[in-house]
Amino acid sequence: MTGGQTPVVTIEGLVKSFDGRTVIDNVDLTVAPGRIVSVIGQSGGGKSTLLRCVNLLEKPDRGRIVIAGEEVFAGGRVVCDDLARLRQSVGMVFQRFHLFPHLTAVENVMVAQRKAAGVPEKQALETAVRLLKRVHLAHRGLAFPDQMSGGEQQRVAIARALALQPKVLLFDEPTSALDPESTREVLRVMRELADDGMTMVIVTHEVPFARRISDRVVFLDGGRIIEQGTPAEVLDHPTHARTREFLTSFDEITDQETHS
Amino acid sequence: MISWLQSHGYWPFHVAWSEWTSTLLDGLLKTIEYAALGFVAAALLGLVLALMRTSRIALVRLPATVYTELFKNIPLLVIISVTYYGIVQFGIKLGVFEAGALSLAIFYAAYLSEIFRSALVGVHGAQREAAQALGLNRWSTFAHVVFPQALRLALPGTNTMLVDLLKSTSLLTVIAAGELMAVGNSVASQTFEQMEVFLVIGAIYFALCYPLSQGLLWLERRVRAGSPLSPARSRRLRAARELLETA
């Protein structure tokens, strides 16, 4: 924790299981304001579930979740009286974008402002246009999702998640469904957000990107945090065999790709 | 011209249609009234049934499923006879118009609920989740995310049903509902020109249904293209265009 600031996200002793299979096993995680935490690990290791528990899209079995000083989950139940408001302060970007296909890009960025936060039309539009500019897509504002590339859709999704001025942005494998060029576009936008001081939790397979952008890297395996620390600690000098194994498999793939 | 055709035996009509014009117009108007009221009521009931059928609670699903299966498998003609003649035995006497419109609503709600249900299910679950993640409550999620997408999926089937319903109003002739077909029967029995009368009645139905189905196709295309249907959305997109151009 830095300088005694209230953490944006505090997770304590989080447990979540599906049909008797434990997916999140006693996880603690703290994210301080302006910090970027990357969560890496094998598919099925509980990374996405962890993220989905933060905004309570998934209801944990046990543990405690505090968002910006407000306890939202404790003692096995949701204690937040206004789930919608909680979710407005936690922006989420999905792997497959999930833009609303019946709305244009600009309307996608407007809809939550209008319908969840009650922002007046004119102001919502101005915010939407400003955010589309920020993700370098002002020229695509009137396009429908099916007219846009994956990278463009994901950037609109980022703008949409930013529209309610969230205190933290959650990214669930934001580039896994994208081609290399689109991946670059999206990572660029994420880096710019990082430079602007946005608090972010990023579930990703992009190890080099995680190394560059993160303040802290968390390696999650079998629902447990195996180790966490600075990118240098976790990615360059992992202390656990399991982490080394995981990172080695990544290096092998990268080697194969560069040699083929 | 007409008199020349008539005097030389080339005029194909034997019925003096000019004498029947106002009767036909009355019948046409009745047909439209039955169709409009029947369809609106069927659509509302169908939507309620569809929502019930997509409920997580079995006790809510069950009555809707029973309803749909029941009325999908009974002929409309039987439903009309029951609502008008049958229930009289239980002391309930509905007027012709009420019984007619109600029969259409009961019958078509069953079909529309199937169309609406599959449309609601057809909206990807991730869309609801994305809406929730943005802080939209249940109602806003339905109204602004699920419903518009379900509408797109439901339109083709719904449009077919609307045209079908319009044609089925002709069955109401069995309760002398005064609609177009009933008027046709009455004209035919007074003129003894069955062939001519029913061809003309058929032509009127066609003139009603064909533009309607073409209009609905046009609407489908617009909705699929995402074109604004409300003035509010037109204004919003215009304002967005202006702002984006200066951006």
Side-chain angles (χ1 to χ4, degrees), chain A residues 52 55-58 82-117 121-122 124-126 128-130 132-133 137-147 157 160-161 163-164 166 170 172, chain B residues 56 116 119-156 158 219-247:
Chain A
R52 293 161 56 83
N55 64 356
L56 296 173
L57 279 182
E58 217 67 79
D82 191 349
L83 211 54
R85 194 171 46 83
L86 157 75
R87 285 168 176 158
Q88 290 170 35
S89 62
V90 182
M92 184 141 188
V93 176
F94 298 90
Q95 180 179 352
R96 299 206 153 270
F97 338 127
H98 302 325
L99 291 182
F100 304 129
H102 60 297
L103 299 176
T104 57
V106 70
E107 288 171 297
N108 263 280
V109 186
M110 285 176 77
V111 67
Q113 297 184 70
R114 298 281 296 124
K115 305 304 172 188
E121 173 94 10
K122 190 165 174 288
L125 176 61
E126 284 166 4
V129 170
R130 181 170 53 76
L132 285 176
K133 262 201 278 189
L137 279 174
H139 61 294
R140 298 292 276 151
L142 290 174
F144 284 92
D146 63 3
Q147 299 166 334
R160 183 176 71 170
L164 297 173
L170 310 176
D172 188 3
Chain B
R56 265 171 299 189
F116 295 167
L120 287 170
V121 172
V123 178
H124 204 287
Q127 289 288 314
R128 280 185 193 82
E129 207 171 78
Q132 277 170 19
L134 284 169
L136 266 66
N137 61 25
R138 280 174 67 122
W139 165 249
S140 291
T141 299
F142 180 76
H144 302 291
V145 175
V146 177
F147 186 78
Q149 293 185 55
L151 185 69
R152 277 191 191 192
L153 297 174
L155 260 184
T158 306
L219 182 72
E220 266 175 51
R221 278 194 298 271
R222 273 191 71 94
V223 168
R224 211 176 316 134
S227 312
L229 296 175
S230 71
R233 185 160 181 239
S234 294
R235 271 198 304 276
R236 178 176 313 134
L237 290 177
R238 224 177 9 253
R241 186 184 305 276
E242 281 168 20
L243 206 56
L244 285 162
E245 275 167 4
T246 57

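Everything quoted here is computed from the prediction, not taken from an experiment. We name chains A, B, ... by the order of the sequence lines, and we start the count at 1 in each one.
In this structure, chain B has heavy atoms under 4.5 Å from both the backbone and the side chain of A/K115. Contacts between A/Q113 and chain B at a heavy-atom distance below 4.5 Å are absent for every atom of the residue. When heavy atoms are compared at a cutoff of 4.5 Å, A/L170 does not approach chain B at all. Proximity to chain B involves both the backbone and the side chain of A/F100, based on heavy atoms less than 4.5 angstrom apart. Only the side chain of A/L57 comes within less than 4.5 Å of a heavy atom of chain B; its backbone N, CA, C and O stay farther away. Looking at A/L164, only its side chain comes within 4.5 Å of chain B, counting heavy atoms on both sides.
For A/A161, the side-chain contact (heavy atoms from CB on, under 4.5 Å) criterion is met by A/V93, A/L169, not counting sequence neighbours. Take A/R52 and apply the side chain to side chain donor-acceptor pair (under 3.5 Å) test, not counting sequence neighbours, and it matches A/E58, B/E129.
Summarising the geometry of A/A112 relative to B/L136, their closest heavy-atom pair is CA-CD1, 3.7 Å, with the distance given to 0.1 Å. A/A84 and B/G135 make their closest contact through CB-O, 3.3 Å (heavy atoms, listed as atom of the first residue, atom of the second, distance). Nearest heavy-atom pair across B/L244 and A/A138 is CD2-O, 3.3 Å. Closest non-hydrogen pair, B/R152 versus A/P101, comes out as NH2-O, 3.4 Å.
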**Report entry** A/R87 and B/L134: CA distance, side-chain angles, deciding distance, side-chain contact (heavy atoms from CB on, under 4.5 Å) verdict
**Finding:** CA-CA 6 Å; A/R87 285 168 176 158; B/L134 284 169; over 6 Å; no
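In terms of non-hydrogen atom pairs under 4.5 Å with chain B, the most contact-rich of A/R114, A/H98, A/R85 is A/H98. Comparing A/D146, A/L142, A/N55 by how many heavy-atom pairs each has under 4.5 Å with chain B, the most go to A/L142.
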Distance-only donor-acceptor hits, side chain of residues 139-146 of chain B, under 3.5 Å, sequence neighbours excluded:
{"unit_1": "B/S140", "atom_1": "OG", "unit_2": "B/N137", "atom_2": "OD1", "d": "3.2"}
{"unit_1": "B/T141", "atom_1": "OG1", "unit_2": "B/N137", "atom_2": "O", "d": "2.8"}

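Of residues 222-238 of chain B, those residues lying under 4.5 Å from chain A by any heavy-atom pair are B/A225, B/G226, B/R233, B/R236, B/L237.
No donor-acceptor pair closer than 3.5 Å links the side chain of B/Q132 to the backbone N or O of A/L56.
Atoms CZ and NE2, on A/R96 and B/H124 in that order, are 9.0 Å from each other to the nearest 0.5 Å.
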